[in-house]
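Scroll down for the structure; my scribbles are underneath it.
Letters A, B, ... mirror the listed sequences (proteins, then strands); counts begin at 1. Atom set for the values below is all heavy atoms of this structure, side chains included, hydrogens, waters and symmetry mates excluded.
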Amino acid sequence: MPELPEVETTRRGIAPHVLGTAIEDILVRERRLRWPVPGKLRGALRGRCFDRIERRAKYLLFSAGPGCMILHLGMSGSLRVVTDNAAPGKHDHVDFVFASGRRLRFRDPRRFGSIHWTTADPAAHRLLKNLGPEPLGTGLTGDYLHARSRGRTQAVKNFIMDSRIVVGVGNIYASESLHAARIRPQRAAGRVSRADYERLADEIRAVLNAAIGKGGTTLRDFTSGVGEPGYFRTELRAYERAGEPCLACGARIRTIRLGQRSTFYCPNCQR
DNA sequence: ATGCGGACCTGTTAGC
DNA sequence: TGCTAACAGGTCCGCA
């Protein structure tokens, strides 16, 4: 489900409801996520407060006392703020019960998401330590992409979706930013010019920021932590528009498979 | 080091 | 209607 804008939208949506209220309990109904939910999570969090929620890549970092809960939504995960009397559904695997009478509910039908607990620096966690720069920070530049891509033969779309290169660019926004930058997704990363990478870096930022501004993209069932769908779907210019006219030139958008993922591009604009 | 395919899961939809 | 196959917003791991 979520790419960076959806994770960020979730973070902003839930923060006011989960910060500064005591965590009374954690109910784990299903611990078999991508990795097992740590048994020590309950003891570590009970009686404490979340005092900050940050995002690194698509991970949400919940600071609590001496440690940090690291949570990933995977492909189908969502976090929602619900009231105490809301009955859990089949895939509502974890509830964080707050003194305020609300709960933070983690749902994940496919169970590709995960929850971790660390008392060390979260940036040093094995899942975070090899991540590339944030796309909305200062680390993503045309020069950087250009330098990292020299000699690489893989498709530029796969290159920008590699979290060691840059984080947060998922399947939707990879197609969108390449379309905006007029770069064909299947081009070898090592053969993309510095000027093209300059545009691409700019467009990645622009697309992600625009999507955050619209509350993310709801394709099927994404909602923010408080139930609002994302409205960026109507702004998509390539993704899921196969056969429809390119909004820049009128040519028909094409779809191909790249790295087992659906990919959309304009054969005229993108070279 | 790089790049690829397989793996982890369930739900929905398209096609026969 | 029912069955099957393909596909879905992610990303880790192991192998060549």
Side-chain angles (χ1 to χ4, degrees), chain A residues 1-11 29-37 55-60 70-79 89-94 106-116 125-132 135 147-177 185-191 204 207-208 211-212 214-225 229-233 235-236 238-243 255-264:
Chain A
M1 168 208 292
E3 296 193 32
L4 186 147
E6 292 73 45
V7 177
E8 180 61 21
T9 297
T10 297
R11 187 187 72 79
R29 300 182 193 84
E30 172 60 83
R31 41 180 16 105
R32 294 173 306 165
L33 303 182
R34 175 154 195 190
W35 287 283
V37 177
R55 179 188 56 72
R56 170 70 173 119
K58 296 171 192 167
Y59 292 92
L60 288 171
I70 303 171
L71 187 150
H72 198 288
L73 296 173
M75 196 88 131
S76 59
S78 62
L79 285 170
K90 183 176 175 187
H91 302 294
D92 291 336
H93 304 314
V94 182
F106 177 72
R107 169 180 303 184
D108 189 3
R110 292 177 76 178
R111 291 194 271 123
F112 288 171
S114 60
I115 299 176
H116 315 263
H125 191 274
R126 69 177 190 97
L127 296 173
L128 305 191
K129 67 180 180 196
N130 293 319
L131 294 176
R148 291 294 303 265
S149 62
R150 290 312 87 183
R152 289 197 184 225
T153 56
Q154 76 176 155
V156 62
K157 176 175 179 253
N158 295 341
F159 174 71
I160 60 169
M161 289 179 69
D162 181 341
S163 62
R164 291 164 304 182
I165 302 302
V166 59
V167 301
V169 183
N171 201 40
I172 297 177
Y173 301 113
S175 279
E176 289 303 307
S177 53
Q186 57 271 55
R187 280 228 332 250
R191 300 233 193 98
I204 288 172
V207 166
L208 294 178
I212 292 169
K214 293 274 179 174
T217 298
T218 298
L219 288 181
R220 293 164 238 304
D221 54 6
F222 169 78
T223 61
S224 72
Y231 296 102
F232 195 70
R233 185 174 194 178
E235 317 274 319
L236 296 176
Y239 191 80
E240 284 197 330
R241 293 195 65 244
T255 179
I256 55 170
R257 305 282 299 173
L258 222 45
Q260 296 116 268
R261 312 297 298 276
S262 291
T263 304
F264 302 84

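Between the side chains of A:R257 and A:T263, not a single donor N or O lies within less than 3.5 Å of an accepting N or O. Side-chain N/O atoms of A:T217 and A:Y173 include a donor and acceptor closer than 3.5 Å.
In terms of phosphate contacts, A:K90 brings a side-chain nitrogen or oxygen within less than 4.0 Å of OP1 or OP2 of B:dG11. Under 4.0 angstrom from either OP1 or OP2 of B:dT2 there lies no side-chain N or O belonging to A:Q154. Proximity of A:Y59 to the phosphate of C:dC12: a side-chain N or O atom is located under 4.0 Å from OP1 or OP2. Here A:T153 does not reach the OP1 or OP2 of B:dT2: none of its side-chain N or O atoms lies under 4.0 Å away. Side-chain N/O atoms of A:H91 include none lying less than 4.0 angstrom from OP1 or OP2 on B:dT10. A close approach under 4.0 Å does occur between a side-chain nitrogen or oxygen of A:R261 and OP1 or OP2 of C:dG9. In terms of phosphate contacts, A:R152 brings no side-chain nitrogen or oxygen within less than 4.0 Å of OP1 or OP2 of B:dA1.
For the pair A:L33 CG and B:dA7 P, the interatomic distance rounds to 21 Å; values are reported in whole Å. At whole-Å resolution of the value, CZ in A:R148 and P in B:dT2 are 7 Å apart. Whole-Å rounding puts the A:I172 CD1 to C:dA8 P distance at 11 Å. For the pair A:E240 CD and C:dA8 P, the interatomic distance rounds to 8 Å; values are reported in whole Å. Between A:R34 atom CZ and C:dG10 atom P the separation is 13 Å, expressed in whole Å. In this entry the distance linking NE2 of A:H93 with P of B:dC8 reads 17 Å, nearest Å. Atom P of nucleotide C:dC13 and atom CG of A:N130 are separated by 10 Å, given to the nearest angstrom. Summarising the geometry, the separation between CD1 on A:I115 and P on C:dG10 is reported as 19 Å, rounded to the nearest angstrom.
No contact: A:R164 has no heavy atom under 4.0 Å from any strand. Among the protein residues, A:R107 comes within range of no part of the nucleic acid, since none of its heavy atoms lies under 4.0 Å from any strand.
Spacing between B:dC9 and C:dG14 at atom P, rounded to whole Å, works out to 16 Å. Remark: the separation of the P atoms in C:dG9 and B:dA14 is 15 Å, to the nearest Å.
A stacked arrangement is assigned to A:F112 and the six-membered base ring of B:dC8, with a centre-to-centre distance below 5.5 Å and an interplanar angle below 30°.
Looking at the side chain of A:P109, the nearest of the listed nucleotides B:dC8, B:dG11, C:dC12 is B:dG11.
Looking at A:K58 and A:P2, their side chains never come closer than 4.5 Å, going by heavy atoms from C-beta outward.
The distance from the NE2 atom of A:H116 to the CG atom of A:L71 is 8.0 Å, given to the nearest 0.5 Å.
Under a 3.5 Å cut-off, the side chain of A:Q154 and the backbone N or O of A:A188 do not form any donor-acceptor pair. Between the side chain of A:N158 and the backbone N or O of A:A155, no donor-acceptor pair lies under 3.5 Å.
Side-chain N/O atoms of A:R110 and base N/O atoms of C:dA8 include a donor-acceptor pair closer than 3.5 Å. Interface remark: the A:R111 side chain does not form any donor-acceptor pair with the B:dC9 base, using a distance-only criterion of under 3.5 Å.
Base pairing analysis places B:dG15 opposite C:dC3; the two distances defining the Watson-Crick or G-U wobble pair are each below 3.5 Å. The partner of C:dG9 cannot be assigned: no Watson-Crick or G-U wobble pair with both contacts below 3.5 Å exists in any strand.
With a 6.0 Å cutoff to the six-membered ring centre and a 45° limit on the axis angle, A:R126 counts as a cation-pi contact of A:W35.
Mapping A:A57 and A:Q260 onto DNA chain C by nearest heavy atom places A:Q260 at the nucleotide closer to the 5' end. Residues A:G151 and A:R32 both approach DNA chain B. Their nearest nucleotides, taken by heavy-atom distance, put A:G151 toward the 5′ side.
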